[in-house]
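Comments concern the structure below.
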Amino acid sequence: MTAEATTTRPARPERQAIPMRRRPRGREWLLGRALTYAAAVLLALFILLPIYLIFISAITPREHAFTYPRSLLPAEVSLNSITFFLNASGVLDSFWRSVQVAFITLVLALLIGAPAGYALARYVFRGRNTYRLMVLSTRAFPIVILAIPLAVTYLRIGLDDTVLGVALMHTALALPFAVLITSSIFVSVPREREEAAQTLGCNPLQAFIRVSLPLALPGLAAAAIFTWVISWNDVFAATILTLRNPTLPAKILTALTQSPIYYQFAAGFVMLVPSLVVIFFIRRYLLGLWGRVVK
Amino acid sequence: MADIQLERVTKLFKQVRAVDDVSLEIGDGEFVVLLGPSGCGKTTLLRSIAGLEQIDGGRIRIGGREVTDLPPRKRKIAMVFQSYAVFPHMTVFENIAFGLRMGKTPKAEVTRRTEEAAALLRITELLGRYPSQTSGGQRQRIAVARAIVMEPQVLLMDEPLSNLDALLRLEMRAELKRLLGEIGSTVVYVTHDQVEALSMGDRIAIMNAGRLIQVGAPLEVYDGPADRFVGGFIGDPPMNFLAATPERRDGKIVARIGGAGEVHADGGAGGLEALVGKEVVLGVRAENIEVVEASKADGLLRGRTLVVEPLGSHNLVTLDVDGQVLKATTRPDMMPKRDAEVGLRIDASRIRWLDPDTGRALAAGE
């Protein structure tokens, strides 16, 4: 990046545009690099290996599920287990329900959480710190204690066994994180930029949408992933609040004890895929769409 | 183009009066500098004019139109921020065009005006870049271009040069002055740098602790500070202040500086007459004191040199005058020895007499 093109004195050292010069690479540097990579690989294996094993077991014929030792390569590829699982009664319905619940949760949590986070970050108001703490209190109560009254309430107002009911519960669970993550993001987006936009013809909302929101996207994406995962992984609330219309984890949980191991692998695999897809799509925002520019 | 009228503007932060009852009229096309130490309320006043702060008292009019309760976007102002506040997710072109696009300007005109503004600030070749690919000085130009492209009635600038290094600041100062003169906008410019204020403003408004202390043309303020604070804040070195006692001598008024001698007070001595025998403060700039060799110093004020600093164009001499410290400048070839006795000739017409209790200039000293 040649940033010096227009200034008249070519040799003047400018504060911000000096490219980082790499130091000569010595042995220590190499060792450090090697250690970094080793750590990264170990960490990746820790996450990826179980996923891979589930994947392998899910796509090999069911007999292979019992063989020991495990081979790391699939001897034979077969989608039987997965199709069997997917064709089992109610699985596809539950899957679809789970996607809906997670999606509604994501939207609701961000719609409610982001403005709250913004307010926490931008405005000084009485009881701000207390509020920040209280936000977390919903997570302080064990959900087990809340479960019965909640189920009763749901039954009374007819929200039990519905997608919306579960989504509302998940939103309540995810909101504290959504609020706290987004507030820390908005704190890092300088207020002067919004003010500059306001002097250039924006009302406060436009200034937010055009200036702060794009800069906050990476963080909001992180919050979105988090919310999605909270909802997608939740078993307890879903099990209590649903009966005939369970979400996928609830469905699998009830079926787990009575099903063969290949069914469990197939279920695990099907549980994994949507999360991976969501993370894949949101990932690019996480990596910082604007490079290093959010200073 | 428009004038600005500030009428008893007050802004409170909790119990603190950040801006305290400030009234100021700024003429159409005038360049006014708000000057003061940090925390004096100058930036708050500027932000109040911009509409970024809600004021707690008073009124603000721009171009005769009451804007006190209008949001920034309806005030026909543009502002350059100290941090530049460029938008990092937009190219330089989009940064400059931002305001025009918000105003739904036709596309061709957006392009034309953006390019004109960029040319004016000599950043045409940066238009396709992102701000992260530009230097601090260039970002500063982007911020100025983004403001002037709006052709605002009033241009507000908040310490625009303070983040630049010394050389670049000097260069930009001259260029900004040229540019702002060309576009003829009314400008309110905030700085804590008195050199910047003296060199750029048509008028300087000096603030301290939320209050407006003095408003005047640069030289007016420099030569005739309204009080001790202004005299000490403007000028490098700051104005000298000596405790003095007016006395009557042969029908004339002189000011006795302890045991160091007397200073004639012919010019503007009217007010001193009433103060004979009481304390006053004598304010005088370093360049209005002539340092004379002791042998030729008959009847002059006497001092002893403490430090002599050669500065090329002149020498700066620090002196002890009967226990009070005084700074004087001399020609480069007049180089007194350290710890030497010298005489001091003070140009009586350039003396500012001040009240020792209030620090304010004595009215008759004009």
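Within every chain, numbering begins at 1; the chains are lettered A, B, ... in the order of the sequence lines, protein sequences first and strands thereafter.
The environment of CD in B:Glu109 is crowded: more than 12 heavy-atom neighbours from other residues, nucleotides or ligands sit within 6.0 Å. Summarising the local packing, OH of A:Tyr37 is surrounded by 12 or fewer heavy atoms from other residues, nucleotides or ligands at distances under 6.0 Å. With a 6.0 Å radius and a threshold of 12 heavy atoms from other residues, nucleotides or ligands, B:Glu175 has its CD atom above the threshold. Counted within 6.0 Å of CZ on B:Arg178, heavy atoms from surrounding residues, nucleotides or ligands total more than 12; the atom is thus considered enclosed. Atom CZ of A:Arg33 is surrounded by 12 or fewer heavy atoms from other residues, nucleotides or ligands within 6.0 Å.
Residue B:Val80 does not touch chain A at all, counting heavy-atom pairs closer than 4.5 Å. Interface remark: A:Arg191 contributes no atoms to any contact with chain B (heavy atom separation under 4.5 Å). Interface residue A:Gln206: only side-chain heavy atoms are found under 4.5 Å from chain B. For a residue to count as touching a neighbouring chain, one of its non-hydrogen atoms must lie under 4.5 Å from one of that chain's; by this rule A:Ala207 does not touch chain B.
Side-chain atoms of B:Pro88 and A:Leu215, non-hydrogen and from C-beta on, do get closer than 4.5 Å to each other.
Each of B:Arg47, B:Met90, B:Lys76, B:Gln82 has some count of heavy-atom pairs under 4.5 Å with chain A, and the biggest count is that of B:Arg47. Among B:Arg146, B:Lys74, B:Arg75, B:Arg101, the residue making the largest number of heavy-atom pairs under 4.5 Å with chain A is B:Arg146.
Of the possible donor and acceptor atoms, one in the side chain of B:His89 sits under 3.5 Å from a partner among the backbone N and O of A:Arg210.
The two residues A:Arg193 and B:Phe87 make their nearest non-hydrogen contact at O-CE2, 3.3 Å. The two residues B:Met150 and A:Leu200 have their closest heavy-atom pair at CG-CD2, 3.8 Å.
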- Message: Using side-chain contact (heavy atoms from CB on, under 4.5 Å), reason through B:Leu52 and A:Glu195 one step at a time and then give a plain yes or no.
- Response: CA-CA 7 Å; B:Leu52 294 169; A:Glu195 291 178 340; 3.7 Å; yes

- Message: Under the criterion side-chain contact (heavy atoms from CB on, under 4.5 Å), I'd like the reasoning laid out for B:Arg73 against A:Thr199: C-alpha separation, chi angles, the key distance, then a yes or no.
- Response: CA-CA 5 Å; B:Arg73 65 180 189 282; A:Thr199 63; over 6 Å; no

